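Encoded as structure tokens, the structure appears first; notes follow it.
Computed from a prediction, not measured in an experiment: that's the story for all the values here. Both ligands and their constituent atoms are indexed starting at 1 by order of listing. Residue numbers run from 1 in the order of the sequence given.
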Amino acid sequence: MAIRLVILVLMLVLGIETSCDETGVALYDATRAPPAGLRAHALHSQIAMHQEYGGVVPELASRDHVRRVVPLVHEVLKQAEVALADVGALAVTTGPGLAGALLVGTSFAHALAFALGKPVIEVHHLEGHLLSPLLSARPPAFPFVALLVSGGHTQLMRVDDVGAYRLLGETVDDAAGEAFDKTAKLLGLPYPGGPHLSRLAEFGNPLAYSFARPLKHSGDLNFSFAGLKTSVLTEVKKLGNLCEQTRADIAAATVDAITDVLTFKAVAAMRASGLNRLVVAGGVGANRQLRERLDDAARKRRFEVYYPELALCTDNGAMIALAGALRWRKDPGCAHAPGSFDVRPRWPLIEA
Ligand code: KG4
Ligand code: ZN
């Protein structure tokens with residue numbers, strides 16, 4: 001009994017996420033399968049701080065992570081009723097993301113690991129997103145196709161196991177989240193535009209305009225969203241002053257174009273892979289219109305779709321603690337002694 005207790009305590013992973021504008025901290029028990037291993041998580045979003053600038057200001061983001069990370073660690077330990085000394089390893093996002101923001105989390109994790117005499121596990125931010133649906137009440141089994149749709153990435157991956165990822169296709173220019181955010185900005189909506197554009201679209205007619213769907217019929221699994229922004233900009237300039245209904249119609253037609261292409265390519269990936277589970281992850285995975293469309297396609301084509309809990313779609317520490325814990329369990333050698341470190345603002349997931 002005493003030995004079992006010691007093993008349990010040593011497998012607690014403290015996850016730290018600071019790659020962009022959210023400071024996330026979580027504690028995951030690596031001895032338990034997801035979702036049961038998640039002991040606690042806490043988040044501070046910087047959205048309100050960046051809103052007045054219309055986008056993320058990297059220097060402000062880094063400084064705010066410095067202020068938030070320690071209180072969030074205390075909050076998580078308190079929630080889980082665990083002492084700092086019981087943490088078995090630190091998992092931290094070391095890329096991709098904003099260099100300064102990544103440095104805050106990574107240097108903090110190394111310093112804390114050094115003080116505790118515990119190892120560090122480096123986590124790829126997208127791997128966190130990819131595995132986040134495992135924390136939902138209905139976790140998917142491997143293998144599955146993953147549609148990763150965030151502010152910085154749009155990718156289709158084949159996922160055979162933790163760490164076994166194959167890129168099927170990706171955006172050649174803007175990410176889906178960027179397409180949401182940039183169009184929202186054109187319509188005068190606050191940052192981050194995705195959820196605002198989605199809400200405005202509810203009042204509009206998606207057929208009022210027909211916006212570009214570049215690469216939809218390219219025959220491969222790549223995406224392109226830069227042309228959509230240009231096509232919306234051209235329409236907005238042509239119209240001049242926009243009344244409320246026109247803004248809603250433009251929002252609806254934009255959301256329609258983005259979700260149409262995402263669904264079309266996701267279905268193509270399901271067909272090409274022969275798999276019957278689709279996992280959707282990343283901030284845009286919270287989008288209601290996208291979920292409706294994917295659910296509809298899944299019903300017609302008889303595959304299952306899995307989403308993270310809404311609160312875990314956007315950046316959070318829970319997915320980083322989980323990814324670190326699953327990696328650690330699979331390969332204990334991935335945890336290394338703290339000390340010298342680096343961050344990787346650009347880091348392809350297949351190299352993780
Ligand atoms: O995954 P995430 O939190 O951060 C990155 O790793 O990029 O994704 C943020 C992106 C932003 O572009 C945001 O506008 C978008 O996700 N987003 C949404 C929704 N919620 C967040 N886009 C459309 N509809 C939403 N409900
Ligand atoms: Zn993210």
Side-chain angles (χ1 to χ4, degrees), residues 15-24 26 43-47 50-51 54-56 58 61 65 92-98 101-102 105 123-133 146-155 157 170-171 174-187 189-202 223 225 228-229 251-252 254-263 279-294 307-320 322-323 344-347 349 352:
I16 312 283
E17 156 64 36
T18 65
S19 69
C20 189
D21 57 352
E22 254 108 24
T23 321
L43 187 78
H44 175 78
S45 170
Q46 303 176 352
I47 284 178
H50 296 295
Q51 219 152 33
V56 178
H65 288 309
V92 62
T93 308
T94 53
L98 302 170
L102 289 165
V123 176
H124 191 290
H125 180 77
L126 292 184
E127 182 172 28
H129 276 303
L130 199 87
L131 299 174
S132 62
L147 173 66
L148 268 175
V149 272
S150 71
H153 295 84
T154 300
Q155 297 184 333
M157 315 271 317
E170 65 182 333
T171 183
D174 287 356
E178 263 177 296
F180 268 100
D181 295 346
K182 286 178 176 173
T183 322
K185 208 168 182 177
L186 282 176
L187 295 176
L189 296 168
Y191 158 87
H196 295 281
L197 191 75
S198 171
R199 272 193 295 275
L200 182 59
E202 310 261 336
F223 304 86
F225 291 106
L228 171 65
K229 178 198 61 195
T254 306
V255 173
D256 190 61
I258 299 171
T259 55
D260 175 33
V261 176
L262 290 175
T263 307
V279 159
V280 183
V284 180
N287 183 261
R288 202 187 57 73
Q289 291 93 336
L290 177 64
R291 288 185 175 214
E292 268 177 24
R293 248 183 152 124
L294 288 172
Y307 305 96
E309 302 291 338
L310 270 180
L312 300 183
C313 276
T314 44
D315 294 350
N316 63 85
M319 67 184 194
I320 302 306
L322 169 74
R344 301 182 66 178
R346 292 181 180 278
W347 182 13
L349 177 54

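Screening the protein for N, O or S atoms under 2.8 Å from the Zn ion (ligand 2) yields 3; no waters enter the count.
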Note down each nitrogen or oxygen pair, ligand 1 side and protein side, whose separation is under 3.5 Å; give only atom names and the distance to 0.1 Å.
residue: ligand 1; atom: 1 (O); partner: H129; partner atom: NE2; Å: 3.1
residue: ligand 1; atom: 1 (O); partner: G283; partner atom: N; Å: 3.0
residue: ligand 1; atom: 1 (O); partner: D315; partner atom: OD1; Å: 3.4
residue: ligand 1; atom: 3 (O); partner: D315; partner atom: N; Å: 3.2
residue: ligand 1; atom: 3 (O); partner: D315; partner atom: OD1; Å: 3.3
residue: ligand 1; atom: 4 (O); partner: D315; partner atom: OD1; Å: 3.2
residue: ligand 1; atom: 4 (O); partner: D315; partner atom: OD2; Å: 3.4
residue: ligand 1; atom: 6 (O); partner: H125; partner atom: NE2; Å: 3.2
residue: ligand 1; atom: 6 (O); partner: D315; partner atom: OD1; Å: 3.3
residue: ligand 1; atom: 7 (O); partner: G151; partner atom: N; Å: 2.7
residue: ligand 1; atom: 7 (O); partner: G152; partner atom: N; Å: 3.4
residue: ligand 1; atom: 8 (O); partner: G151; partner atom: N; Å: 3.4
residue: ligand 1; atom: 12 (O); partner: G177; partner atom: O; Å: 3.3
residue: ligand 1; atom: 12 (O); partner: D181; partner atom: OD1; Å: 3.3
residue: ligand 1; atom: 12 (O); partner: D181; partner atom: OD2; Å: 2.7
residue: ligand 1; atom: 14 (O); partner: D181; partner atom: OD1; Å: 2.6
residue: ligand 1; atom: 14 (O); partner: G194; partner atom: N; Å: 3.1
residue: ligand 1; atom: 20 (N); partner: G283; partner atom: O; Å: 3.4
residue: ligand 1; atom: 24 (N); partner: N287; partner atom: ND2; Å: 3.0

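Counted by atom type alone, T259 and Q289 present zero donor-acceptor pairs between their side chains at under 3.5 Å. A donor atom on one side chain and an acceptor atom on the other are found under 3.5 Å apart for H125 and S19.
Atom NE2 in H196 sits 12.5 Å away from atom CG in L187 (nearest 0.5 Å).
Looking at every heavy atom in both residues, L102 comes nearest to T93 through CD2-O, 3.6 Å. Nearest heavy atom pair, residue G128 against residue M319, reads O-CB, 3.3 Å. Smallest separation of non-hydrogen atoms from L228 and A257: CD1-CB, 3.9 Å.
Residue pairs meeting the salt bridge (Lys or Arg N to Asp or Glu O under 4.0 Å) criterion with at least one member in residues 282-291, sequence neighbours excluded: E202-R288, R288-E292.
Take E22 and apply the salt bridge (charged side-chain N to carboxylate O under 4.0 Å, His left out) test, not counting sequence neighbours, and it matches no residue.
By the 4.0 Å N-to-carboxylate-O rule, R293 lies close enough to D256 to be salt-bridged with it.
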